[in-house]
2 protein chains.
Amino acid sequence: MRRAEKKDFLLDTAIRLFNRHGYHATGVDRLIEETGIAKTTLYRHFASKEDLIVAALARVDEQARDEMRIFVEAASEDPSTRILATFDQLALWLKDPEFKGCPFVAAAAEYGGAADPVFQQARLHKRLYLAYIEELVRAARIKDPKVVAQQLIMLHEGAIAYAQVLGTDGVAAVAKHAAERLIGERK
Amino acid sequence: MRRAEKKDFLLDTAIRLFNRHGYHATGVDRLIEETGIAKTTLYRHFASKEDLIVAALARVDEQARDEMRIFVEAASEDPSTRILATFDQLALWLKDPEFKGCPFVAAAAEYGGAADPVFQQARLHKRLYLAYIEELVRAARIKDPKVVAQQLIMLHEGAIAYAQVLGTDGVAAVAKHAAERLIGERK
DNA sequence: TCGGTTCGATACCGATCGGTTCATATACGC
DNA sequence: GCGTATATGAACCGATCGGTATCGAACCGA
């Protein structure tokens, strides 16, 4: 395995473990045991566990927003339909057996200091996500795009939290119906 | 300080520390240092840290739902207005400088196993909260009360997550406007 | 083939984790 | 006033935490 491959393998495994057990609960020893990669190698790629977490979040952010963008663009050309398609992509995520709630919200909860790099990375993701949704809303020529984008994000986040604690059955579809009501007759 | 007082003091302090730093990150040693109560005494009241967490969550659940019920009943007699009042109570919570996101969602994230007592306590709270909202929706004679209650819960949870990561300014009001749209013309 | 350099596995570091043991202090029944 | 039961604090437990030092192996151009 090459250098860069090892780094990616570490990150992917870390993401899996962090999602499954949480950030504090996932020890560095566990990660090196799971990957078979030496601790020294890990610390050559990442200065600290915090650094690793930030890198993992950045990777998840990139993947998640890419997948969403690709899905939405493939779903439809109609701007309003594209907005609703975000909830179909959400449904795919919730159905994943590895789904355990939003990694960014969890990270923000475990590293709550506003100055904490982990928290800032989580906030960055949400900002970028919000900006993307707002972009979709503007494309649909909906009034008050900022407010509507916030409301759509809330439906996303709410569906994720609901699914995490109470179960995923039909949650995304229910959120999608709410979104239809929010963006309908509002141009 | 009497026995029962010590137990309450332990629980209240634990709740504060758990909210501020997370569950794994808050050590038992830190809690006993903060309260000045001996570790032996703590373990006489609670069998384990997990037991303490469950008790803390149960206490927060009780307090949160009581406060919401009292606020809503004082706000109005009109069922629809009462539904919207839940977002005003939410606004109060978000404004609290100690606010750090939903303690139950955080607990569910850190103790993700569905069989984990901590997770089950978190789920119990959400179930009771959902049941209360559904009760309000039924009182307002709104169609599809189960679905609408789910959507309102999603707005609550979404507003909480949004506020936790991106800031609290005006979030509850924006969620309230979305709720108005969801329950309007739907009887 | 050699000398030098980078790399990785192991053993180890002090600190802290959740939890327990035990000896002492205190309160209370007789 | 005395003996007993209970509550307490402090010292301690093995395990694990994030992070390092050491030392041998693999690899490099010459």
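Chain letters run A, B, ... following the sequence lines, proteins first, then strands; residues in each count from 1. On a predicted model such as this, the values are computed, not experimentally measured, just so you know.
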Taking Watson-Crick and G-U wobble contacts under 3.5 angstrom, with | marking pairs to another strand and [ ] crossing pairs, the secondary structure of DNA chain C is written ||.|||.|||||||||||||||||||||||
Which pairs, protein N/O on one side and nucleotides 18-24 of chain C N/O on the other, fall under 3.5 Å?
residue	atom	partner	partner atom	Å
C/dG18	OP1	B/K49	NZ	2.5
C/dG18	OP2	B/V28	N	2.8
C/dG19	OP2	B/Y43	OH	2.8
C/dG19	OP2	B/K49	N	2.8
C/dG19	N7	B/K39	NZ	2.9
C/dG19	O6	B/K39	NZ	2.3

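Taking atom CG on A/D51 and atom C1' on D/dG18, their separation rounds to 14 Å, with Å as the unit. As rounded to whole Å, 15 Å separates atom P of C/dT10 from atom CG of A/L42. Atom CD1 in A/I37 sits about 11 Å away from atom C1' in C/dG8, given to the nearest Å. Atom P of nucleotide D/dC17 and atom CD of A/E33 are separated by 10 Å, given to the nearest angstrom. Counting to the nearest Å, the P atom of D/dG9 and the NE2 atom of B/H45 are 11 Å from each other. The separation between B/R44 atom CZ and D/dA10 atom P is 16 Å, rounded to whole Å. In this structure, B/R30 atom CZ and D/dC17 atom P are separated by 19 Å, rounded to whole Å.
A salt bridge does not link A/R30 to A/E34: none of the charged side-chain nitrogens sits closer than 4.0 Å to a carboxylate oxygen. Between A/E73 and A/R82 there is no salt bridge, since no side-chain N of the basic residue sits under 4.0 Å from a carboxylate O of the acidic one. At a threshold of 4.0 Å, the pair A/E180-A/K176 does not count as salt-bridged, since none of the basic side-chain nitrogens sits closer than that to a carboxylate oxygen.
Geometrically, A/K49 does not engage A/Y43 in a cation-pi contact defined by less than 6.0 Å to the ring centre and at most 45° from the axis.
Partners of B/F71 according to the ring pair (Phe, Tyr, Trp, His ring centres under 6.0 Å) rule, which considers only residues two or more places apart in sequence or in another chain, do not exist here. Partners of B/E33 by salt bridge (Lys or Arg N to Asp or Glu O under 4.0 Å), not counting sequence neighbours: none found.
In this structure the side chain of B/Q164 never reaches within 4.5 angstrom of the side chain of B/K100, judged on heavy atoms.
Of the residues in residues 107-118 of chain B, none lies under 4.0 Å from DNA chain C by heavy-atom distance.
Counting only residues at least two apart or on different chains, the ring pair (Phe, Tyr, Trp, His ring centres under 6.0 Å) pairs with a member in residues 146-174 of chain B are B/F87-B/H156, B/Y129-B/H156.
For the residue pair B/R65 / B/H125, no side-chain donor-acceptor distance below 3.5 Å is found, with atom types taken as modelled.
Scanning all heavy atoms of the two residues, the minimum distance from B/F119 to B/G113 falls at CB-O, 3.4 Å.
A centroid separation of less than 6.0 Å is found between the aromatic rings of B/Y23 and B/F18.
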